[in-house]
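The first residue in the sequence is number 1, and the count goes up from there. Keep in mind it's a predicted model, so treat the numbers as computed, not measured. We use all heavy atoms of the structure for the numbers below, so side chains are in, but hydrogens, waters and symmetry mates are not.
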Amino acid sequence: MDRAKDRHFEGSKTTGRRPGGSDFLQLDLREAPPGSRTERLTARIRAAIADGTLPLGSRLPPSRVLAAELGVSRGVVTEAYQRLADAGQVQGRGRAGTTVAAAPLPPAVPAPLPPAPTAAAPADRLVPARSGEPGAPLRTGAGEALVDALRSVPCRIDLSPGVPDLTAFPRSAWLQAERRVLGALTAGDFGYGNPQGAPALRTAVAGWLARNRGIRADPGEIVVVAGVAQALALVAYVLRESGVRRVAVEDPGSLGARQQLEHGRLETVPVPVDEGGLDTAALRASGAPAVLLTPAHQFPTGVVLDGERRRELLGWAADGGLVVEDDYDAEHRYDRAPVPALRALLPEGVCYAGSVSKLLAPALRLGWLLVPPRLRDAVVTAKRYADLGNPVLAQLVLARLMDSGELERHLRHVRRRHRRRRDAMLRAIAAHLPGARVHGAAAGLHLMVTFDGAAFEDTALAARALALGAKAHPLSWHRVRPGPPGLVLGYAAGPPGELEEGVALLGRALTRLG
C-alpha cells in the first residue's frame, strides 16, 4: 500500500490524539455489536458523501488504515467499501485507492395508500393522480401511459423492470472514445448524417451481431434507430402503409411494446405464452399476418421459445407471415447457453430490433433495426422523415467501443454484477415471499413472480408496496387475458442490500393484504 496514501489520513496521529473513530467520520464503533459494525460504517460513510464531508473525487482511507483507527477488523471496512461500490457511490482505482464516485439520492417521501377500489374505479390499473397533487400518488382507474406514470412517482426503492445497472456505465471508456472520435473528425463530419445511420456504426453493429447473436448482415441492411421503441414505431408505420391492420402479440407481453403498436394504429391480437414460449398454433388460428415476440428471453415470463415452436414459427413465416423480433435482454444470460436469433435463421421473414439500452443506458437512445429487403426502402424513408437520423457523434463513439472490444469487456463486467444481484433477489424472495413462484431466473434483468391460487389483485399489492417505499410492476399490466396475480421485479439497478429491503417491503405489503 502506498505510504503517501496512509499519511493523508493520519491527522489524528500528528496531533497526539488517538480517537476511537477516524476524524473524518466522527464515529466510534467499539461499542457497537459486532454484527452491526459494517452496516453502521456504511451508513456513516454514505452520510458523509451526501452532506459533502466527502466530496466527489475524494479518496477514502486505505482499508487497513481505517480499520486500525476504528479499532475493528479490516473485513468490516472492506465489506462497507464493497457495499458502497455496489451502490455506485465509490469506485476502486487500484493503486490510486478508493474514491467517491456519486452522491446518494435524497430519500423520497413514500406515496400514500391509494383509496379502496370501487365499482366506478376497478382495481385493475394504476394511474398517476392529477398533476400538481403532492407526491404524485397512485390511484385506481384506467389509463394508457402506465409505465411512464409510475416511473415518475418518487420512491425510495425502485424494483421496476427494464433498467440495467446505470452506475456501471463505462464513463472513462466513453470519454476516451469520444475524445478520439472528435480528434479525427473533419469540419464536414459535423453536418447532417445519413438517415440510415453512420456507416461506421452500421459496420460495427454488423460485427457485433455476428459475434454475439449469430446474425450475418451487411452494413447496408442495418438501420440505426432511437432504441427498440422507435424500431417498433417505424415497423408499425410501414406495415400499416402496406395494408396490415392486425399484429399478434405475446400474452403476457410488454405493455409498452403493445402500446407502441397500438399508437401506430395497429390492432394487437393477444396470443398465449406458456413454458415453451409463444403458442404457435394459436398464432395461426389468430389470422394475424405479423407477430411481435421476444424469443430469446420472453418479457415478462423469461421463457425461451423452444425448438419445436421455433420450427413452427419459421414455417409460419415462410408461408407469408412476418416476425418482428425484439431481441430483449439477449446478452444478459447467466445459467444457460446463448439462444440463436430468429433473424439468423430466416432473414427474409424477420424484422430484428436491438439496442444498447439494457447493456449501457436507455439515455443513449441507440439501437438497430434489420428488415426484409422488401421493406427496407420504406423503413429508411420513414426514418428520414421522423428525425433525419440519430445524432452522429454518439453513433461514432458507440462504434469505437464495439470495434475496440470495450463493449464486450463491459458486458462481461455487468454480467457478474447482475448475477450477484439476481442471486440476492432470489434469496430475498425465498425469505420474504415464500408463497411466490419465480419465473425467468436464468437470464435477463428481471424476475417474474406469481401467486398461484391467490385471490388478491396484484395492482393492490403494488399500490401497498409503493406506499411502504418499494416500486414494482403488477403483472396484470402486461396481460390482456386473465391470469394469476403477480409482480415483475427488476434487480439490475439496485445493490443487493437494497433489493433485499425492497422485497421485504413487498412481503409486508402482501401480509397487509391478508
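Minimum heavy-atom separation, Lys358 to Gly162: CE-O, 3.0 Å. Between Leu366 and Leu398, the shortest heavy-atom distance links the atoms CD1-CD2, 3.8 Å. Shown here for Ala330 and Ala296, the closest heavy-atom pair between the two residues is CB-CB, 4.2 Å. Among all heavy-atom pairs drawn from Arg213 and Asp327, the shortest one is NE-OD2, 2.6 Å. Across all non-hydrogen atoms, the minimal contact from Ala341 to Tyr352 is CB-CE1, 3.9 Å. Taking every heavy atom of both residues into account, Ala257 and Ser254 meet most closely at N-OG, 3.1 Å.
The side chain to side chain donor-acceptor pair (under 3.5 Å) test applied to Glu262 returns Thr268, not counting sequence neighbours. Not counting sequence neighbours, Asp251 has no partner by the side chain to side chain donor-acceptor pair (under 3.5 Å) test. In this structure, Tyr237 has no ring-ring contact (aromatic ring centres under 6.0 Å, His included) partners at least two apart in sequence or on a different chain. Looking at residues two or more places apart in sequence or on another chain, you find a side chain to side chain donor-acceptor pair (under 3.5 Å) between Thr167 and Asp165, Arg417. Under the side chain to side chain donor-acceptor pair (under 3.5 Å) criterion, Glu312 pairs with Thr280, sequence neighbours left out. Legend: residues meeting side chain to side chain contact (heavy atoms under 4.5 Å, CB included) with Ala80, ordered by chain and number and at least two apart, are Thr38, Leu41, Thr42. In this view, Arg171 satisfies the salt bridge (charged side-chain N to carboxylate O under 4.0 Å, His left out) rule with no residue, not counting sequence neighbours. Looking at residues two or more places apart in sequence or on another chain, you find a salt bridge (charged side-chain N to carboxylate O under 4.0 Å, His left out) between Asp452 and Arg437.
A donor-acceptor pair is defined here as one N or O able to donate and one able to accept, closer than 3.5 Å; no such pair exists between the side chain of Gln89 and the backbone of Ile49. Looking at Arg479, its side chain never comes within 3.5 Å of a backbone N or O of Pro252 through a donor-acceptor pair. When atom types are taken as modelled, the side chain of Arg309 and the backbone of Leu278 share a donor-acceptor pair closer than 3.5 angstrom. At least one donor-acceptor pair closer than 3.5 Å links the side chain of His410 to the backbone N or O of Leu359. For Arg415 (side chain) and Glu331 (main-chain N/O), a donor-acceptor pair under 3.5 Å exists by modelled atom type. When atom types are taken as modelled, the side chain of Glu457 and the backbone of Ala460 share no donor-acceptor pair closer than 3.5 angstrom. In this structure, the side chain of Gln298 does not engage the main chain of Gly277 through any donor-acceptor pair within 3.5 Å.
Side-chain contact, Glu250 with Thr294: a donor N or O sits under 3.5 Å from an acceptor N or O. Between the side chains of Asp458 and Ser476, a donor-acceptor pair is found at a separation under 3.5 Å.
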Arg284 vs Asp279, test: salt bridge (charged side-chain N to carboxylate O under 4.0 Å, His left out). Steps then yes/no. CA-CA 9 Å; Arg284 281 191 178 274; Asp279 185 336; over 6 Å; no
Step by step, would you call Val72 with Val77 a side chain to side chain contact (heavy atoms under 4.5 Å, CB included)? CA-CA 8 Å; Val72 298; Val77 179; 4.2 Å; yes
I would like to know whether Trp174 and Leu401 meet side chain to side chain contact (heavy atoms under 4.5 Å, CB included); could you show each step before the answer? CA-CA 7 Å; Trp174 185 274; Leu401 293 180; 3.5 Å; yes
Criterion side chain to side chain contact (heavy atoms under 4.5 Å, CB included) on Arg421 and Met425, from CA distance to verdict: CA-CA 6 Å; Arg421 295 179 179 197; Met425 178 170 276; over 6 Å; no
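Between the CD1 atom of Ile157 and the CD atom of Glu500 there is a distance of 10.5 Å, given to the nearest 0.5 Å. Rounded to the nearest 0.5 Å, atoms CG (Leu466) and OG1 (Thr459) are 12.5 Å apart. For the atom pair CG (Leu54) and CZ (Arg46), the distance works out to 12.5 Å, reported to the nearest 0.5 Å. Rounding to the nearest 0.5 Å places CG of Leu433 at 7.5 Å from CG of Leu487. Separating the CZ atom in Arg40 from the CZ atom in Arg37 is a distance of 9.5 Å, to the nearest 0.5 Å. The CZ atom of Arg211 lies 8.5 Å from the CG atom of Leu407; values are rounded to the nearest 0.5 Å.
The shortest distance between side-chain heavy atoms of Pro362 and Leu166 falls below 4.5 Å. Considering only heavy atoms from C-beta on, Tyr81 comes within 4.5 Å of Leu60 through its side chain. Looking only at side-chain heavy atoms (C-beta outward), Arg156 and Leu505 come within less than 4.5 Å of each other. In this structure, the side chains of Val247 and Val269 stay at 4.5 Å or more apart for every pair of heavy atoms. In this structure, Leu369 and Val235 have side chains that are in contact, with non-hydrogen atoms separated by less than 4.5 Å. Leu293 places a side-chain heavy atom less than 4.5 Å from the side chain of Leu313. Put simply, the side chain of Val414 does not reach to within 4.5 Å of the side chain of Arg419, judged on heavy atoms. Between Arg258 and Leu292 there is no side-chain heavy-atom pair separated by less than 4.5 Å.
The environment of NE2 in His413 is crowded: more than 12 heavy-atom neighbours from other residues, nucleotides or ligands sit within 6.0 Å.
Sorted by first and then second residue, the ring-ring contact (aromatic ring centres under 6.0 Å, His included) pairs involving residues 319-343 (not counting sequence neighbours) are Phe299-Tyr328, His332-His418.
Between Leu370 and the options Val205, Leu209, Val350, a side-chain contact (heavy atoms from CB on, under 4.5 Å) holds for only Leu209.
Salt-bridge formation is detected for the pair Arg83/Glu79: a Lys NZ or Arg NE/NH1/NH2 atom is positioned less than 4.0 Å from an Asp or Glu carboxylate oxygen.
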Show me the donor-acceptor pairs, under 3.5 Å and distance only, between side chains in residues 439-448 and residues at least two apart or in other chains.
from, atom 1, to, atom 2, distance (Å)
His439, NE2, Thr450, OG1, 2.9
His446, NE2, Pro300, O, 3.0

With a cut-off of 3.5 Å and sequence neighbours excluded, list every side-chain donor-acceptor pair involving residues 223-234.
from, atom 1, to, atom 2, distance (Å)
Gln230, OE1, Ala226, N, 2.7
Gln230, OE1, Lys383, NZ, 2.8
Gln230, NE2, Asp387, OD2, 3.0

I'd like a table of donor-acceptor pairs (distance under 3.5 Å, sequence neighbours excluded) in which one partner is a side-chain atom from residues 238-246, with atom names and distances.
from, atom 1, to, atom 2, distance (Å)
Arg240, NH1, Arg265, O, 2.9
Ser242, OG, Val238, O, 3.3
Ser242, OG, Leu239, O, 2.7
Arg245, NH1, Arg240, O, 3.0
Arg246, NH1, Ser286, O, 3.2

